[in-house]
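Working notes, beginning with the structure itself.
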Amino acid sequence: MMTPATAVGTQPPADLSMNETPYPPLPGIRRVVEDAAATLQRYPDRTSSALVAALSARLGVGPEAILVGPGSAGLCQHLVQSLGPRPDVVHPALSFEGYPLIIGNAGARPVPVPMDGYDHDLPAMADAVTERTRCVLLCNPNNPTGTALRRDDVEAFLDRVPADVPVIVDEAYREFVTDPRSPDGMDLYRAYDNVCVLRTFSKAYGLAALRVGYAVVPPRLTRAAALTGAVFFPGALAQAAAVASLTPEVGGELTRRCTELVAARAGLVGALRGLGLTVAPSEANFVWLPLGERAVPFAERAREAGILVMALPGAGVRITVGTPEVNERLCAFVRAALADGL
């Protein structure tokens, strides 16, 4: 399990451990949330009708295919739990640390498939699918390595998976992808009758505190998945903020911010490689350093320097792209740590 280094001392740490956006909420979104707070005594719309309608229009699918819930991770839990009774869930072995917990909470058995370097080993994952398989999880871009799947590889994989085995494509970091070879999950959804797509407002949209995301699911699966979720969730503030986030005005600012972050990501990758570190290619808002046994010492030294990162013992360190000032601070720390022989 990945664990972030914890802060020491009195100086507030630079937290690069949680893949949060470095940008503050947009003023328009803040105003929407403030206005919605005036009705805190009211229950939220239990069907999230305005948000479902906005997503339906944006994505070009019927409302019967859309689920909303507590972020992509929460919706992943709802889907895996609802897709029983087959016991096995196939997933990549170096991926989102929540997958084994989600699978276990659903009463299923994880079937981890080792990665092929930084990437999903899709042929091996297809080989792991049996008559016992409840569903398959893909993470694109992958957390923590940041790499993106390629369209031809995913389509070849989907062609091998039986039609009665759902494939859940987790696209929490979709907005940061620039590689044209990486497929859009919605295209896969339209081409394959067993594909489910997970997305969130937590990352690029900056609504992590409100816990709101959505899934696009074959309509035959939506009712069972909806029944596993909590009633009156997402809350009213989350629904209002998510609807506002889908407006053209916010869309333009979102595009600008994502473009800015992608440029910062490229700069950070270049700087770290220039210092002599191996950095995986990233299509997300974080970078992966495959440090092996040096991962935990690196994270501990970073914590002492007031920088929190996420370490996977024996494998590597995941670092969120921060503001220019924080990225420079990180590089200064790395330069000093390497000079000291870390």
Can you find a side-chain donor-acceptor pair between Tyr173 and Asn140 that sits under 3.5 Å? no
Report the distance from atom NE2 of His91 to atom CD1 of Ile168, rounding to the nearest 0.5 Å. 12.0 Å
Just wondering, do Arg134 and Pro166 contact through their side chains at under 4.5 Å, heavy atoms? no
Answer yes or no: is there a donor N or O on one side and an acceptor on the other, between the side chain of Glu64 and the main chain of Pro219, under 3.5 Å? no
Has Ser72 got a side-chain atom pairing as donor or acceptor with Ala172's backbone, closer than 3.5 angstrom? no
I need the minimum non-hydrogen distance between Ala128 and Val90, along with the two atoms involved. O-CG2, 3.9 Å
Is it true that Arg151 and Asp187 make a salt bridge, defined as a side-chain N closer than 4.0 Å to a carboxylate O? no
Side chain to side chain contact (heavy atoms under 4.5 Å, CB included), that's the test. Do Val89 and Val111 meet it? Break it down for me. CA-CA 6 Å; Val89 177; Val111 180; over 6 Å; no
Basic-acidic side-chain contact under 4.0 Å: Arg256, Glu253: yes
Could you give the distance from NZ (Lys203) to CG (Leu261), rounded to the nearest 0.5 Å? 12.0 Å
Are any non-hydrogen side-chain atoms of Phe157 and Leu138 less than 4.5 angstrom apart? yes
Step-by-step side chain to side chain contact (heavy atoms under 4.5 Å, CB included) determination, Cys76 to Leu137: CA-CA 9 Å; Cys76 186; Leu137 302 178; 4.0 Å; yes
Checking Asp193 against Arg220 for the salt bridge (charged side-chain N to carboxylate O under 4.0 Å, His left out) test, could you report, in this order, the C-alpha distance in whole Å, the side-chain angles of both residues, the deciding distance, and whether it holds? CA-CA 10 Å; Asp193 192 42; Arg220 68 182 185 278; 3.0 Å; yes
So Val326 and Ile307, do their side chains get closer than 4.5 Å, heavy atoms only? no
Which atom names give the shortest non-hydrogen contact between Pro218 and Tyr189, and what distance separates them? N-CE1, 3.6 Å
Does Thr323 reach the side chain of Tyr23, with side-chain heavy atoms less than 4.5 Å apart? no
Just checking Arg30: does its CZ atom have more than 12 heavy atoms from other residues, nucleotides or ligands closer to it than 6.0 angstrom? no
Asn327 (side chain) donor-acceptor with Gly322 (main chain) under 3.5 angstrom: yes
How many angstroms lie between CG in Asp340 and CZ in Arg335, if you round to the nearest 0.5 Å? 13.0 Å
Within the side chain of Thr228, is there an N or O that forms a donor-acceptor pair under 3.5 Å with the backbone of Ser82? no
If you measure only the distance, is there a donor-acceptor pair under 3.5 Å linking the side chains of Thr147 and Asn142? no
If Ile, Leu, Val, Met, Phe, Trp and Tyr residues are connected whenever their side-chain heavy atoms lie under 4.5 Å apart, and connections chain through other members, are Leu330 and Val262 in the same group? no
Would you please say whether a donor-acceptor pair under 3.5 Å links the side chains of Ser202 and Arg211? yes
May I ask you to test the Leu338-Leu277 pair for a side-chain heavy-atom distance under 4.5 Å? yes
Identify whether Phe233 and Tyr205 are in the same connected component of the hydrophobic contact network (ILVMFWY, side-chain heavy atoms under 4.5 Å). no
Could you tell me which non-hydrogen atom of Pro297 sits nearest to which non-hydrogen atom of Leu342, and how far apart they are? CB-CD1, 3.9 Å
Backbone N/O of Ala241 and side chain of Ser245: donor-acceptor pair under 3.5 Å: yes
Look only at the side chain of Asp121 and the backbone of Ala124, and say whether a donor-acceptor pair between them is shorter than 3.5 Å. yes
With rounding to the nearest 0.5 angstrom, report the SG to CG distance, Cys196 to Leu83. 6.5 Å
Can you see which heavy atom on Gln239 is nearest to which on Pro234, and at what distance? NE2-O, 2.9 Å
Just wondering, do Phe176 and Arg265 contact through their side chains at under 4.5 Å, heavy atoms? yes
Same cluster or not: are Leu51 and Val33 linked, directly or through other Ile, Leu, Val, Met, Phe, Trp or Tyr residues, by side-chain heavy atoms under 4.5 angstrom apart? yes
Mind running side chain to side chain contact (heavy atoms under 4.5 Å, CB included) on His120 and Leu122 for me, showing each step along the way? CA-CA 5 Å; His120 293 50; Leu122 290 174; 4.0 Å; yes
Any Glu97 side-chain heavy atom under 4.5 Å of Asn143 side chain: yes
Neighbour count above 12 (heavy atom, 6.0 Å) for Arg190 CZ: yes
In short, Gly206 meets Thr21 closest at the heavy-atom pair CA-CG2, 3.6 Å
Thr320 and Glu20 side chains, donor-acceptor separation under 3.5 Å: no
Atom OG1 in Thr200, atom CG in Leu75: separation rounded to 0.5 Å? 8.5 Å
Is it the case that the ring center of Phe333 lies less than 6.0 angstrom away from the ring center of Phe298? yes
Would you find a donor on one side and an acceptor on the other, under 3.5 Å apart, between the side chain of Ser282 and the backbone of Phe286? yes
Should the pair Arg199-Asp170 be classified as a salt bridge under the 4.0 Å nitrogen-to-oxygen rule? no
List the residues meeting side chain to side chain donor-acceptor pair (under 3.5 Å) with Asp159, not counting sequence neighbours, and say none if there are none. Tyr192
Is there a donor-acceptor pair closer than 3.5 Å between any side-chain N or O of Thr39 and the backbone N or O of Ala36? yes
Answer yes if Val169 and Val177 sit in the same cluster of Ile, Leu, Val, Met, Phe, Trp and Tyr residues linked by side chain heavy atoms under 4.5 Å apart, and no otherwise. no
Ionic contact status for Asp153 with Arg181, cut-off 4.0 Å: no
Between SG of Cys135 and CG of Leu221, what distance do you get to the nearest 0.5 Å? 10.5 Å
Check Val250 against Ala244 and note the closest heavy-atom contact, atom names and distance. CG2-O, 3.4 Å
Run Glu171 and Val197 through side chain to side chain contact (heavy atoms under 4.5 Å, CB included) and show every step you take. CA-CA 7 Å; Glu171 291 192 323; Val197 180; 3.5 Å; yes
Quick one, Phe201 and Val68 - any side-chain contact, counting heavy atoms below 4.5 Å? no
Examine the side chains of Asp179 and Ser182 and answer whether a donor and an acceptor come within less than 3.5 Å of each other. no
Applying salt bridge (charged side-chain N to carboxylate O under 4.0 Å, His left out), run through Asp164 and Arg86 and close with a yes or a no. CA-CA 11 Å; Asp164 64 342; Arg86 294 177 181 177; 2.7 Å; yes
Test of understanding: clusters of I, L, V, M, F, W, Y form through side-chain heavy atoms closer than 4.5 Å, transitively. Do Val296 and Leu94 belong to the same one? no
